[in-house]
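Notes to accompany the following structure.
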Amino acid sequence: MFAVIKTGGKQYRVSGKDVIEVERLPGGVGEKVLFDRVLMTGDGKKTEIGNPTVDKVVEGKIIAQSKGTKIFIQKHLRRKNSRKKTGHRQLLTRIEITAIKNPKPGKTDGS
């Protein structure tokens, strides 16, 4: 079974035991995270597409909090002898997906 989740303004296709890197989420190593914005689920026979979300929850465990690779930005103005070089490292969270399941009965989705 797979699911398409939305977090940090991006969409990720995940299934059980997958390891993904998303933008920084609060929490420490070993803590559990829940993704309730599930856009689509499916297996080999049946696909369920949400409008905008489906009634499923993807559960994961935080493996590491880290930084991404450095991206360099350089600005240059011609004939001015003006150069500016900066860099950026995105804060990332590495998550292992543990389960894709139905939420508890009686819970309402806030989206």
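Residues Q11 and L39 have side chains in contact (heavy-atom distance under 4.5 Å, counting atoms from C-beta outward). Annotation: side chain of V57 is not in contact with side chain of V38 (no heavy-atom distance under 4.5 Å). Using a 4.5 Å cut-off on side-chain heavy atoms (C-beta onward), K17 and E96 make contact. Side-chain atoms of E23 and K10, non-hydrogen and from C-beta on, do get closer than 4.5 Å to each other. By the 4.5 Å heavy-atom criterion applied to side chains, D55 and P103 are counted as neighbours.
The closest donor-acceptor contact from the side chain of T93 to the backbone of L25 lies under 3.5 Å.
Tracing side-chain contacts under 4.5 Å through hydrophobic residues (I, L, V, M, F, W, Y), one reaches I20 starting from I100; they form part of the same cluster. Residues V4 and I97 do not share a hydrophobic cluster, defined by chaining ILVMFWY side chains whose heavy atoms lie under 4.5 Å apart.
Nearest heavy atom pair, residue V54 against residue I49, reads CG1-C, 3.7 Å. The minimum heavy-atom distance linking T47 with M40 is given by the pair CG2-CE, 3.8 Å. Across all their heavy atoms, V33 and K61 have their closest contact at CG2-N, 4.5 Å. When all heavy atoms of K56 and N102 are compared, the pair lying nearest together is NZ-OD1, 3.0 Å.
The CD1 atom of I5 sits 11.0 Å away from atom CZ of R37, with the distance rounded to the nearest 0.5 Å. Here CD of Q65 is found 11.5 Å from CZ of R94. Values are rounded to the nearest 0.5 Å. Here the straight-line distance linking atom CE of M1 with atom OG1 of T41 works out to 5.0 Å at 0.5 Å rounding.
Geometrically, K6 does not engage F35 in a cation-pi contact defined by less than 6.0 Å to the ring centre and at most 45° from the axis.
Residues Q74 and H76 have side chains that never bring a donor and an acceptor to within less than 3.5 angstrom of each other.
In summary, of the residues considered (V58, D18, V22), a side chain to side chain contact (heavy atoms under 4.5 Å, CB included) with Y12 occurs for V22 alone.
Under the 4.0 Å criterion applied to side-chain N and carboxylate O atoms, E59 and K101 are assigned as salt-bridge partners.
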